Structures are given as C-alpha cells and as structure tokens.
Q: 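Right, I'll just put the structure down here and ask away after.
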Amino acid sequence: MNIKFNSLYLAVLLAAVFSTHVAAQTPPFSIAIHGGAGTISKANLTEAQQKAYREKLKQAIDAGYKVLEKGGDSLSAVTAAINILENSPLFNAGLGAVYTYDGSHEMDASIMDGNTMNAGAVAGVKHIKNPIDLARSVMDNSAHVMLSGSGAEEFALTQQFSLVPTSYFDTESRYNQLLDAKAKIKAAEQGNNANLEHQASLDYLDLDYKFGTVGAVALDQQGNLAAGTSTGGMTAKRFGRIGDSPVIGAGTYAENGVCAVSATGHGEYFIRYHVAGDICAKVKYQQKSIIQAADEVINQRLITAGGTGGVIAIDQRGNIATPFNTEGMYRATRKSGEQAQVMIWQDN
Ligand code: ASP
C-alpha cells in the first residue's frame, strides 16, 4: 500500500515538474486574422450581425491557435483559420465572394512561408471552394509562384481538387451589393455627363463595396512566420481584374526574422505602394517595431496617397499590429497563453 502510494506520489510530482519545465520552455507563438476593412459603421451593423461576425472570427482564430499550440507549423495555422472564413458567407472569400460587374465570381489568394521564402498564389479562379488551399498547392507542388484562371484550375485537377459550380459562391446579399454598385456607377457616369471608363467610375463607389477579404499571419513554436490572404476582390470589378491579395509583397508577405503581413483594402493602392513588403522593409532595414512600421505605411503613406484599408502584421517575437485607416476592420488576435481578442472598430 505504502509503496503503491509512494510511486503514485512520485509520478504526480514528476508530471508536475515536467509540465512546468515544458511550459517554461515553450517558445512564444501567436496568430492574427482579418475579415476585411471598410465602412463598417456601428449604426448599420445589427447586434445579431455583430455577434455572427465575432463568433466566426473567434472560431477561426481558435482553430489557428490550436494548430500552433500543438506544435504545428505556421502555414497550417494560417490555412486552418482562412478555411473557416472562406467557408462562411459573411466574408468576401470562397462562399460569399463578391460579384464582378458581369455577374460572376473571380477569386484571388496567396500564401508565403517565411522560413523558405517560398510562395504560392492563384488569381481569377472561378471553381475553387478554398482558393487558399490551391495557393498552398501551387507553392508546394509546382515550379511556379502564381497561376491564373483556367491554368490554375487545370493544375487544381492534377492536385485532386474538385471543381465546384460557380453557383456555390452565390449569396443574395452580395448580389444585392452588385445591383446597388451598378446603380451607383450608372448614376456617377450620368451625373458627370461624361463617358467615364468603367474602372474610373468604380472610384465613386462606397468603400463598402470594395472590402471583405480574409487573411491570417502566424508565428509558430519553431520560430517560423507565415502569411496568407484570400478574396473575391471588389464588387463590380471588371472581369479579369486582379487585386493585391495574390501579389506577394503587396497583399501578402512573410520573412523569418522580420515579419509577416496580410492586407485588406483598395487593391490598386496596395499593389502600387507595395504595402506588405514595405512594412517588412521598415522592420528589416530601419529596425522599426512592427507597430510603428505598420502604422507608418497604413496611417501615413497610404492616407497621403488616398488608399484605404488595413493590415494584420506579426514580428519574430509574436508582437502583433492591426492598423487600419477605415471605420472598421474585422479582426482577431491570440498570443500563446492568452485568450483571443476579437475586434471590429478601433475601440472594441
Ligand atoms: N484587397 C482586395 C482587392 O483589392 C479587396 C479587399 O481587401 O477587400 O481585391
């Protein structure tokens, strides 16, 4: 009896010592996600809608966090979180992707591995349920970084992806946004009494019509950074238009020892201002903190340029920055040993 008790006591003691040791040894890890930035006004979002967004963001951040907690890699954490947002009609990625001007869906996505500096991207895909998974496959199993349109979808078939009908992506709310956007474009064109180029007239649209992209950045226990972004682009965009989300250095970037960034906003500005890469360059070459670097690009350089949107960014120590220059940005963060924080506006 006594021997039994003593060995049990010893086992419990050893387990306690071991777990304390492991906890103390666990390197920091963290993750951040976004579900798009824009004119998300408190007045227009009902309590029920707010709750739905917050719950989905919480589910996605926790899914990514769980991967990291178990010692999984940052790339898997990024895709786990993004898949959940792509599968929700609330966000403009996968199911719920916005409509092009001609009434179809064209999706873009990219992913980058900060450890190897490998990257994969797809642009203008129409039948891929989870474009971020295809971007990952391009990175892992092709000789290229970016594949577009039918070429990307033929590659998907060689990778055992099944193609879904375009109707899978249809949602009533996005369709109504398209009708609304087209009416505004028409009114703007008539109001100006000029034969405006379609693309130019898009500038007359409310920000609401442009955003809703999803993305994730993560630092795993092995110290590897990763970033990914997935989107349906902008409502009423011209068919064939490609935004910043699949462009490495614009909408997505990751480099070990430096930072990882996923962006959301008016893609034409994010491409020209090389937003994700610029933030990491400030960290790398000017030794700026991730908070300062991201803030300078989003709240100074982009504002001066007239570009709207935001980013989620993470550094090598797991510090997170989530600046945006719009009214709101759906987002969530979670650091090792901490609870998730889910936010929409600056203050909550
Ligand atoms: N950046 C995306 C694009 O321009 C849109 C967004 O973030 O909502 O395609």
Side-chain angles (χ1 to χ4, degrees), residues 30-37 74-75 77-79 81-82 93 108-123 131-132 135-136 139 145-146 210-211 213-219 224-231 233 242-286 288-303 305 307-316 319-326 329 331 333:
S30 53
I31 179 164
I33 60 171
H34 70 77
S74 50
L75 286 167
V78 160
T79 52
I82 290 181
D108 304 331
S110 68
I111 190 160
M112 186 160 185
D113 179 357
N115 183 29
T116 59
M117 297 294 283
N118 276 339
V122 292
I132 194 70
R136 172 89 200 251
M139 175 173 82
V145 169
M146 191 190 289
K210 293 174 178 165
F211 306 142
T213 295
V214 309
V217 292
L219 169 74
N224 293 319
L225 290 167
T229 312
S230 181
T231 188
I242 294 170
D244 60 308
S245 309
V247 178
I248 298 302
T252 302
Y253 189 77
E255 181 175 346
N256 269 15
V258 185
C259 76
V261 176
S262 170
T264 175
H266 194 159
E268 280 67 13
Y269 289 86
F270 281 67
I271 293 175
R272 289 186 287 122
Y273 285 82
H274 177 53
V275 167
D278 199 25
I279 292 170
C280 290
K282 283 174 183 284
V283 174
K284 187 172 178 176
Y285 301 117
Q286 299 183 319
K288 296 211 162 141
S289 73
I290 193 71
I291 304 273
Q292 197 185 348
D295 181 68
E296 280 178 14
V297 173
I298 298 300
N299 288 319
Q300 292 174 31
R301 196 160 156 78
L302 265 192
I303 286 186
T308 43
V311 294
I312 47 169
I314 191 168
D315 72 10
Q316 192 59 47
N319 298 312
I320 293 171
T322 64
F324 52 97
N325 61 29
T326 50
M329 179 169 83
R331 64 202 188 279
T333 61

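The structure presented is a predicted model; accordingly, all values stated were derived computationally and were not measured.
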Q: For N299, does its backbone N or O pair with a side-chain atom of N325 as donor and acceptor, under 3.5 Å?
A: no
Q: Roughly how far apart are Y253 OH and L225 CG, rounded to 0.5 Å?
A: 10.5 Å
Q: In Å and rounded to the nearest 0.5 Å, what is the CG to CG distance from N224 to N256?
A: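 If I round to the nearest 0.5 Å, the distance is 4.5 Å.
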Q: Could you walk me through whether T308 and T326 pass side chain to side chain donor-acceptor pair (under 3.5 Å), step by step?
A: CA-CA 6 Å; T308 43; T326 50; over 6 Å; no
Q: Applying salt bridge (Lys or Arg N to Asp or Glu O under 4.0 Å), can you list everything that pairs with R301, at least two apart in sequence or on another chain?
A: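 Expected list: D278.
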Q: Which distance, rounded to the nearest 0.5 Å, do you find between the CD1 of I31 and the CD1 of I320?
A: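 Nearest 0.5 Å value for the CD1-CD1 distance: 8.5 Å.
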Q: Will you find, in the side chains of S262 and H34, an N or O donor that is under 3.5 Å from an N or O acceptor?
A: yes
Q: Ignoring hydrogens and angles, tell me if any N or O in the side chain of S245 forms a donor-acceptor pair with the backbone of A109 under 3.5 Å.
A: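 No, the answer is negative, given that no donor and acceptor are paired below the 3.5 Å cut-off.
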Q: Would you call the rings of H266 and Y269 parallel, tilted or perpendicular if under 30° counts as parallel and over 60° as perpendicular?
A: perpendicular
Q: Please report the interatomic distance CZ(R136) to OG1(T79), rounded to the nearest 0.5 Å.
A: 6.0 Å
Q: Determine whether a donor-acceptor pair (N or O, by modelled atom type, separation under 3.5 Å) exists between the side chain of H274 and the backbone of G249.
A: yes
Q: What's the separation between atom CD1 in I248 and atom CE in M146, rounded to the nearest 0.5 Å?
A: 7.0 Å
Q: Is there a donor-acceptor pair closer than 3.5 Å between any side-chain N or O of N118 and the backbone N or O of D113?
A: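 No; judged by distance alone, with no hydrogens or angles, the pair does not exist.
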